[in-house]
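Reviewing the structure listed below.
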Amino acid sequence: MSNTRTTSGSSKPHELGLDLLVELKGSRVRAGLTEALREAIRSGRLPAGSRMPASRMLATDLGLARSTITECYGELIAEGWLTARQGSGTHVANVAQQAIATPSDPSRAGGEIEGLAPGAADFADFPRQQWLAAARRVLASAPYSAFGYGDPGGNLHLRTALAGYLARVRGVSAGPEQIIICSGFHHGLGLMARALRARGAESVATESYGLGLYRDVLTETGLRIPPLAVDERGARTDELDGTVDAALLTPAHQFPTGAALSPDRRAHALRWAQRTGGLILEDDYDGEFRYDRAPVAALQGIDPDHVAYFGTASKSVAPALRVAWMVVPRRLVPAVLAAKGAVETVSVIDQLTLAEFIASGAFDRNVRLRRQNYRRRREQLTATLSDSSPAYRLIGMQAGLQAVIALPAGLESATLQAAASRGLIMSGLSEFRHPDADRAGEIDGLVVNFSAISDSAWPSTLSLLGSAIRANKLATR
Ligand SMILES: Cc1ncc(COP(=O)(O)O)c(C=O)c1O
């Protein structure tokens, strides 16, 4: 059942001066009104600071009992959406409004709140000035020949800049001719999957926690994707055997659990590849972001013949660039180039700008700044957690753009719901579980994406998160 009612409005400034369309869904009137007001705040139709109508007036407007309105206001005050002060009435709270990042994903039509879920991005720290300066230098100085279709494998300036950068920062060992530019990791993985299929590969082991999107890329080419268990020391590479042709791993910072692949498991992975002729697909999506100690080098540098390395500009510059790179063992270069096709699909002008951005040192400076910011956010998250629930902890190491709050078994969905009712959209670890993974290895946890929220909204987001965790703890006692 759904019925739409309109408040009659008020002439007093800051009160609900305009008519507000309230859609009451379902048969439970109070719950329907509470959700309708949450939605109005969430979508910005009721901006922060707006004075809510007196309960008597709203009751008359909506044809409801006054007690229904006061209970509804009480609930929204308890959840942090409204504030009430003696003598000055009920207002839309700032805290709820601040936590709302602009809905940027058109698939979230209807004004759903963006939140801390992986994939959400704010990137308020996008280096606009430095990027513009690099683009200006490129456009001013590039020869006319640079504005043609370009080399299908990627622009040579960018490949050369990346060869130097990756050797310096990640210990990658490759000449520019082994680097192939692609439109994001998703694209690169698809190219590699097709190249492997063309060479007769049938299966790629995939970590028991990871993005389903990437598992789909592999299965769409006809590959099987047997799961490889993940624990606090990363993927169980000691379980790799001759039945798989390749293994997709996130050694530097397991996604999403945050574990680093332990030294013995790094060695197991390399020995497996050498013994069986298998290929390690090393997804180094956030290798630049390590806070506790010097980053461990990429596996690729140890055995360039058995590792295909994947990096991306999504974390270090912005996902909107859609530029990533793959470093491919020499024998596989022709097959991957064949999969990519005869015409370059990644903007050559953006590639040249990124090459200039790297060569000028702006890339390193930007990563350093972000690293400081994300390290600080991680520390603040740890502090929030120890205030709201000392028994909970962050798992995974100090790295990356996401952290995982481990929860007692069975609490994941209740905590996600408590967060959602406060307007905070997050993901639980279960969202990333491989469908065929052994249930015995399940972990309950919340995935917190640091980069989804702007600096200004971060403190209020943390307090909403703390409140969701506390509320859930109380509710489950
Ligand atoms: C596990 C993992 N790999 C790779 C990437 C990079 O993907 P892309 O380059 O398509 O943005 C991401 C981005 O979030 C990721 O989470």
Side-chain angles (χ1 to χ4, degrees), residues 104-105 114-123 126 154 158 162 166 170 179-193 204-218 220 225 227-228 230 234-235 246-261 280-290 298-300 307-327 340 345-347 350-351 354 363 367 370 374 396-397 399-404 426-429 431-434 447-453:
S104 59
D105 178 352
E114 285 282 331
L116 294 170
D122 181 82
F123 288 98
F126 180 79
L158 178 58
L162 281 170
L166 293 173
R170 305 295 299 126
I179 299 182
I180 296 169
I181 305 300
C182 46
S183 297
F185 172 71
H186 182 267
H187 179 218
L189 184 62
L191 298 179
M192 179 55 80
V204 177
T206 49
E207 294 172 326
S208 60
Y209 283 90
L211 279 166
L213 181 75
Y214 302 144
R215 291 192 291 264
D216 293 346
V217 169
L218 297 173
E220 276 158 15
I225 50 161
L228 194 58
V230 165
L248 174 60
L249 303 175
T250 44
H253 189 223
Q254 206 282 328
F255 184 91
T257 66
L261 191 62
I280 297 169
L281 308 179
E282 178 173 27
D283 177 4
D284 197 41
Y285 66 104
D286 66 358
E288 289 99 346
F289 295 94
R290 179 107 191 212
L299 282 176
Q300 191 275 353
V307 182
Y309 171 96
F310 297 78
T312 178
S314 289
K315 309 292 187 188
S316 44
V317 187
L321 253 192
R322 307 316 300 136
V323 175
W325 41 88
M326 47 208 299
V327 181
K340 193 176 171 198
T345 49
V346 186
S347 153
D350 285 343
Q351 291 188 55
L354 180 58
F363 189 97
V367 167
R370 283 201 181 153
Y374 296 147
M397 55 173 182
L401 278 66
Q402 94 274 354
V404 170
M426 308 181 68
S427 295
L429 272 182
E431 219 175 273
F432 301 95
R433 204 168 286 143
H434 191 303
V447 184
V448 179
N449 172 5
F450 304 140
S451 68
I453 301 285

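Both ligands and their constituent atoms are indexed starting at 1 by order of listing.
- Protein residues with a heavy atom closer than 4.0 Å to ligand 1 are Gly184, Phe185, His186, Leu211, Tyr214, Phe255, Asp283, Tyr285, Thr312, Ser314, Lys315, Arg322, listed by chain and number.
- Partners of Arg322 under the salt bridge (Lys or Arg N to Asp or Glu O under 4.0 Å) rule, at least two apart in sequence or in another chain, do not exist in this structure.
- Panel note: side chain Gln300, backbone Tyr309; no donor-acceptor pair is recorded below 3.5 Å.
- A donor-acceptor pair under 3.5 Å is absent between the side-chain atoms of Thr206 and the main chain of Leu248, judged by distance alone.
- Distance alone, capped at 3.5 Å, is enough to place a donor-acceptor pair between the Gln254 side chain and the Tyr209 backbone.
- Listed by chain and residue number, Leu240, Val244, Ala247 satisfy the side chain to side chain contact (heavy atoms under 4.5 Å, CB included) test with Ala205 (two or more places apart in sequence, or in another chain).
- Listed by chain and number, the residues in a salt bridge (Lys or Arg N to Asp or Glu O under 4.0 Å) with Arg370 are Asp125 (sequence neighbours excluded).
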